[in-house]
Amino acid sequence: MEVPLLDLKAQYATIKDEVLAAVSEVLESQRCIGGPKVAEFEEKIAAISDCRFAVGASSGTDAILNSLMSLDIGAGDEVITTPFTFFATIGCICRTGAKPVFVDINPKTFNINPELIESAVTEKTKAIMPVHLYGQMADMDPIIEIAKKHDLSVIEDAAQSITSTYKDRKAGSIGTAGCFSFFPSKNLGGIGDGGMIVTNDEQLYERLFIMRNHGSKPKYYHRHIGGNFRLDPIQASALLIKLPHLDKWSEARRRNAANYDKKFSGTVVQTPYISPDCVSIFNQYVIRVPRRDEVVAHLRENNIGCEVYYPIPAHLQECFKYLGYKEGDMPESEKAAKEVIALPVYPELTDEMKDYVVEAILSFLK
Ligand SMILES: *Cc1c(COP(=O)(O)O)cnc(C)c1O
């Protein structure tokens, strides 16, 4: 049997005609930048995120970059974040000229540990950027409390967690701004790159809106130095077709996750911990195992797709050496990086496939 980590063809087959018609509509209109599809999609993402405003972005990365730039974060500033995340979180902070300050994770949730944040705050700190990793939101209440006390912005990197909740509140709606990615492997994936920023702050919304178009308002009059951070209408049109399926797809991922949990219970495999405060959308189903690298090799030999998110925490990446961190500084992130494996959890996964994955892991570790 072959079990891919993700099977986008299976999903596409169910919506192909509608996607082709929607894309064709954009092409026929030749509104190839901005336009009504982008505006409609922004409105719908704001609504499902319980936010007043949304601004499309060319990618999740550019959503984060635009948020930081629109909050005037740059040289001399510090942003507190987790080292156990995708590169983009940290890369964007550095590209503004600001300095990322790392705080280790809670080993249960893999998300930033709020108890460690306050001691990282300095007079240079401007923002906290929690990352809602794998589909589960970070512990937001203590983060917001610290942010209020020290007058900091909170930018939620919700790239993996659209519609996920924390105490019944939606990802992106708790912080100053929330950033989503529509990279094809996310729960709501486009047919190329795309992203979105949501916020309840009207002033920030206006700034984000201007910044995404080189900071110009009116056209050719540049108030700020922005960029080309625009969401493509072809992406918006395809995403509008997929959006009504999102909850159903996330529910199927949760069912797959619950099924894996049951099959792994009582074994050496550590299954994901989901806080009672949270509903995860399981963008990834991530287990911890002993002899991780051997397990990964074994799975690949058996045609089972899997991935390590992420093998090297940001503080140990070569390009961030100048920040001065060393091995041992973020023990929980470093340990997680050596133990985690993401298994196939996509909605179309069959019971036979899940059985095959579980059997491959358990027979190897026996
Ligand atoms: C996917 C992702 C991003 C970047 O999104 P792109 O759309 O690929 O630019 C940022 N942060 C996290 C945590 C992600 O998973």
Side-chain angles (χ1 to χ4, degrees), residues 5-6 59-65 68 78-113 116-117 120 128-136 138 155-161 179 181 183-186 193 269-270 272-273 282-301 304-345 361:
L5 181 59
L6 181 65
S59 65
T61 304
D62 285 345
I64 297 169
L65 187 61
L68 289 161
E78 293 178 355
V79 178
I80 294 172
T81 191
T82 162
F84 197 61
T85 178
F86 178 57
F87 176 83
T89 317
I90 320 300
C92 290
I93 295 170
C94 296
R95 285 168 64 192
T96 66
K99 182 179 149 192
V101 172
F102 295 120
V103 162
D104 208 358
I105 55 168
N106 172 340
K108 283 165 82 178
T109 62
F110 300 104
N111 283 326
I112 194 167
N113 183 345
L116 304 175
I117 292 178
I128 306 172
M129 184 140 61
V131 179
H132 306 319
L133 205 66
Y134 304 147
Q136 172 171 226
I155 302 165
E156 298 176 52
D157 180 342
Q160 300 183 6
S161 294
C179 301
S181 163
F183 186 81
S185 68
K186 310 288 159 125
D193 281 308
V269 172
Q270 276 185 56
Y273 168 82
F282 282 99
N283 182 244
Q284 304 297 342
Y285 181 87
V286 174
I287 58 171
R288 290 189 195 241
V289 289
R291 297 158 57 204
R292 195 271 315 274
D293 292 343
E294 291 171 60
V295 174
V296 168
H298 178 74
L299 291 176
R300 293 197 174 137
E301 273 164 35
I304 295 170
C306 61
E307 193 54 83
V308 173
Y309 303 116
Y310 295 92
I312 303 175
H315 69 291
L316 300 179
Q317 292 285 358
E318 190 175 341
C319 64
F320 298 133
K321 262 194 190 141
Y322 72 97
L323 294 168
Y325 290 92
K326 58 182 189 316
E327 206 160 339
D329 285 346
M330 303 282 140
E332 292 300 348
S333 299
E334 292 165 32
K335 187 163 182 280
K338 294 189 175 86
E339 295 180 350
V340 294
I341 309 180
L343 301 180
V345 70
I361 294 170

Q. Hey, mind stepping through Ile155 and Thr81 against side-chain contact (heavy atoms from CB on, under 4.5 Å) and telling me if it holds?
A. CA-CA 10 Å; Ile155 302 165; Thr81 191; over 6 Å; no

(Q) If you compare all heavy atoms of Cys306 against all heavy atoms of Val296, which two are closest, and at what distance to 0.1 Å? (A) SG-CG1, 4.0 Å

**Q.** Over all atoms of both residues, closest heavy-atom pair of Lys326 and Leu316
**A.** C-CD2, 3.6 Å

Q | Donor-acceptor under 3.5 Å (Asn283 side chain, Ser185 main chain) | A | yes

Q) Excluding sequence neighbours, so at least two apart, what forms side-chain contact (heavy atoms from CB on, under 4.5 Å) with Cys319? A) Phe87, Gln317

Q. Any side-chain heavy atom of Gln284 sitting closer than 4.5 Å to one from Val340?
A. no

Q.
Applying salt bridge (charged side-chain N to carboxylate O under 4.0 Å, His left out), can you list everything that pairs with Asp293, at least two apart in sequence or on another chain?
A. none

(Q) My understanding is that only residues two or more places apart in sequence, or in another chain, count here; which of them pass salt bridge (charged side-chain N to carboxylate O under 4.0 Å, His left out) with Arg288? (A) Glu339

**Q.** Approximate separation, where rounding is to 0.5 Å, of Ile287 CD1 and Arg292 CZ
**A.** 10.5 Å

Q) Ser59 versus Phe183: any side-chain heavy-atom pair under 4.5 Å? A) no

Q.
I want to check something: taking the side chain as every heavy atom from C-beta on, are Ile304 and Ile361 in contact at a cut-off of under 4.5 Å?
A. no

Q) Gln160: what forms a side chain to side chain donor-acceptor pair (under 3.5 Å) with it, not counting sequence neighbours? A) Tyr310

Q | Under 3.5 Å: donor-acceptor pair, side chain of Thr82, backbone of Ile105 | A | no

Q: Verify, without hydrogens or angle tests, whether Ser333 (side chain) and Pro313 (backbone) share a donor-acceptor contact under 3.5 angstrom.
A: no

Q | Where Pro83 and His315 come nearest, the two heavy atoms and their spacing | A | CB-ND1, 3.6 Å

Q: Could I get the full list of ring pair (Phe, Tyr, Trp, His ring centres under 6.0 Å) partners for Tyr325, not counting sequence neighbours?
A: Phe102

Q) Quick one: side chain to side chain donor-acceptor pair (under 3.5 Å) partners of Thr89, sequence neighbours excluded? A) Thr85, Asp157

Q. Which pairs count as salt bridge (charged side-chain N to carboxylate O under 4.0 Å, His left out) when at least one residue sits in residues 306-318, sequence neighbours excluded?
A. Arg300-Glu307

Q. Atom CD1 of Ile112 and atom CZ of Phe84: how far apart are they, to the nearest 0.5 Å?
A. 13.5 Å

Q. Rounded to the nearest 0.5 Å, how far apart are CZ of Phe86 and OG1 of Thr61?
A. 6.0 Å

Q: Name all residues meeting the ring pair (Phe, Tyr, Trp, His ring centres under 6.0 Å) criterion together with Tyr273; count only those two or more places apart in sequence or in a different chain, and write none if there are none.
A: none

Q | Nearest-0.5 Å distance that lies between atom CD in Glu332 and atom CZ in Phe110 | A | 10.0 Å

Q) Rounded to the nearest 0.5 Å, what separation is found between the CD1 atom of Ile64 and the CD atom of Glu156? A) 11.5 Å

Q | Closest non-hydrogen atom pair between Phe320 and Ala314, with its separation | A | CD1-O, 3.3 Å

(Q) Using the side chain to side chain donor-acceptor pair (under 3.5 Å) criterion, which residues pair with Tyr309? Sequence neighbours excluded. (A) none

Q) Taking only residues two or more places apart in sequence or in another chain, which ones pass side chain to side chain donor-acceptor pair (under 3.5 Å) with Asn111? A) none

Q: Quick one: closest heavy-atom pair of Leu6 and Pro184, and the distance?
A: CD2-O, 4.5 Å

Q.
Return the CD1 to CG distance between Ile90 and Leu323, rounded to the nearest 0.5 Å.
A. 9.0 Å

Q: Taking side-chain contact (heavy atoms from CB on, under 4.5 Å) as the test, write out the residues that go with Ala120, two or more places apart.
A: Ile80, Val101, Val103

Q) What pair of heavy atoms forms the shortest contact from Pro130 to Ala138, and how long is it? A) CB-CB, 4.0 Å

**Q.** Any residue meeting salt bridge (charged side-chain N to carboxylate O under 4.0 Å, His left out) with Lys321, in chain and number order, not counting sequence neighbours
**A.** none

